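To keep things clear, I will list the structure first and then write my remarks on it.
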2 protein chains.
Amino acid sequence: MVKIKDVPMFSNLDKKFHKELYDNIYIRHFTKNSIVFYEGDSSDYLHILLDGQVRLYKTSPKDTMIQLHRLNAPSIIGEYACLEQVPFPATCEFISERGTVGLLHFKKVMNYLKDPTFSLALLKSMTNKVMMLSSLVHKETILSSEAKVADLILNETETFNKIKNNEIASILNITPETLSRILSKLKKEKIIVIINNIVQIHNLEALHIIIEKNTLKSCGYCISKVKR
Amino acid sequence: MVKIKDVPMFSNLDKKFHKELYDNIYIRHFTKNSIVFYEGDSSDYLHILLDGQVRLYKTSPKDTMIQLHRLNAPSIIGEYACLEQVPFPATCEFISERGTVGLLHFKKVMNYLKDPTFSLALLKSMTNKVMMLSSLVHKETILSSEAKVADLILNETETFNKIKNNEIASILNITPETLSRILSKLKKEKIIVIINNIVQIHNLEALHIIIEKNTLKSCGYCISKVKR
DNA sequence: TGGTACATCTTTGATTTTAACCATACATCA
DNA sequence: TGATGTATGGTTAAAATCAAAGATGTACCA
């Protein structure tokens, strides 16, 4: 487990705060699939992920899950909800077997803000959050399902190989059926080959084109184009 | 036009910086529909909106515009692209008749970061940006077109009354046709009445239900339900 | 060790839904 | 009298939903 003083945000904090931090942070332990907080909850505490992996998601009126991010320790969760004292915009759930969260009262946080290294670290964390949200917005507003899949294969091959299709679909916010169909197409077009759950990219350019044009049809290589 | 020293981020900055700021900020003037920067552009400058109103949008592969935000002076634009030295994730265009932007080299910004009031103000601005993005994500991933319209009528009646349907549609990222049809339905169901381009809400609860359930059909009041 | 039983994943087909797209008519305004 | 904005009808497209069949994996037990 990550020590509090090793969380980037606190590591550079003036030494005099370290003892105080230890005394003021509540530690909570979680098991897989337990909920840290629900969308809409309010909290007076800054949540610091010290161990494990969580996912943040919204629930649609149809009760489907819209996954926003996955975060690994160490990181800060829901910082803006804490700073602005507004409800959490998403539910936070552990997906690792076990995990740990440190809770720090927001008044303490406000105090530490006077320390320049702390506010800079928090700024850094916020910047990072903006980047994640910005890329999420791009994914959800610009990319088609086909483009999402192509993007994941191209830019997060690791993830793609490691987890099962079910999970991939949920990360991309598409249904498993849709994912299955898209993968079939990509295989049929010889753009990728999957052996033992490991992708091999056989046509890099095609993947780039799919991402750019948002559709498999637009890539000149494809059989489906010929058929038309 | 807003004076630089009146921009929240700079107003509390140590006085010794003010003179330097004046000497180091480039001022650029713009007219309506002119572009401050394009999605994908890189820049070494922090952009400070001093006068006018801009919209930030992405362009889809089909060449349609996905509007992310509208910002009024004074505000900071593209702060994270500047801080992280990454390309702008969206295009910035003036929608007011004229406008002004101040440009501050990011190295200067990095310098000012040592000033706690500055980094706090920047943090505040980032927090705000996260809130905007978070609500955008909600709008685009959770709400249906009907819910988007209901939400705007309910929570931004001002905006709804002030601008024409065309513009509303583009803010909601739906087509004018879709908006027109949804408004017709709402009127037919007697949920709203529009006189002289001013909405009157005649059934508040119905609007809430539409937002929550994402569909007009689900609201018990509706004629369309009876027909089924 | 193998074998049955159950659960979870994945694939495939058919259908439905939402909202875009296209075309055209009507309205408002300057 | 254009021009721009709004309304309406018909069509299409993308992806969800529903249904059901194959596949793979895992646990338990004799």
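Since the structure is predicted, the reported quantities are computational estimates derived from the model, not experimental observations. Keep in mind that the numbers below use all heavy atoms, side chains included, and drop hydrogens, waters and symmetry copies. Order of the sequence lines fixes the chain letters, A, B, ..., with proteins taken first and strands second; residue numbering starts at 1 for each chain.
Atom NZ in K188(A) sits roughly 14 Å away from atom P in dT11(C) (whole-Å rounding). Whole-Å rounding puts the R181(A) CZ to dA19(D) C1' distance at 11 Å. Distance, K213(B) NZ to dT18(C) C1': 19 Å, rounded to whole Å. E140(B) places its CD atom 14 Å from the C1' atom of dT18(C), with the value rounded to the nearest Å. In this structure, E146(B) atom CD and dA20(C) atom P are separated by 12 Å, rounded to whole Å. Put simply, NZ on K148(A) is 15 Å from P on dA14(D), counting in whole angstrom units. Look at CG on N196(A): it is 17 Å from P on dA23(D), rounded to the nearest Å. Rounded to whole Å, atom P of dA13(D) lies 13 Å from atom NZ of K185(A).
In the region residues 158-180 of chain B, proximity to DNA chain C at under 4.0 angstrom, judged on heavy atoms, holds for N173(B), I174(B), T175(B), E177(B), T178(B).
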*Take S125(A) and E79(A), measure what side chain to side chain donor-acceptor pair (under 3.5 Å) needs, and give me the verdict at the end.*
CA-CA 9 Å; S125(A) 164; E79(A) 54 270 74; 2.8 Å; yes
Verdict with supporting geometry, N173(B) and E140(B), side chain to side chain donor-acceptor pair (under 3.5 Å):
CA-CA 8 Å; N173(B) 293 322; E140(B) 295 299 323; 3.2 Å; yes
Report task. Report the C-alpha distance between E39(B) and T91(B) in whole Å, list the side-chain angles of each, state the deciding distance to 0.1 Å, and finish with yes or no for side chain to side chain donor-acceptor pair (under 3.5 Å). Result -> CA-CA 4 Å; E39(B) 181 179 357; T91(B) 300; 4.6 Å; no
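In this structure, the ring of Y26(B) has its center no less than 6.0 angstrom from the ring center of H47(B).
Distances shown here put a side-chain N or O of S184(A) below 4.0 Å from the OP1 or OP2 atom of dT12(C).
For the pair K162(B) and E167(B), the salt-bridge criterion is not met [side-chain N within less than 4.0 Å of a carboxylate O]. Taking a cutoff of 4.0 Å between a charged side-chain nitrogen and a carboxylate oxygen, E146(A) and R181(A) do not qualify as a salt bridge. In summary, R70(B) and E93(B) do not engage in a salt bridge, as defined by a charged side-chain N under 4.0 Å from a carboxylate O.
Residue-to-nucleotide proximity on DNA chain D shows that, of N197(A) and T64(A), the 5′-proximal contact is made by T64(A).
Minimum heavy-atom separation, L49(B) to N72(B): CD2-C, 3.7 Å.
Two residues are said to be in side-chain contact when any heavy atoms from C-beta on lie closer than 4.5 Å; V101(A) and I48(A) fail this criterion.
Each end of the helix from dT1(C)-dA30(D) to dA30(C)-dT1(D) gets its own rotation axis from five pairs of C1' atoms, and the angle between them is 30° to the nearest 10 degrees.
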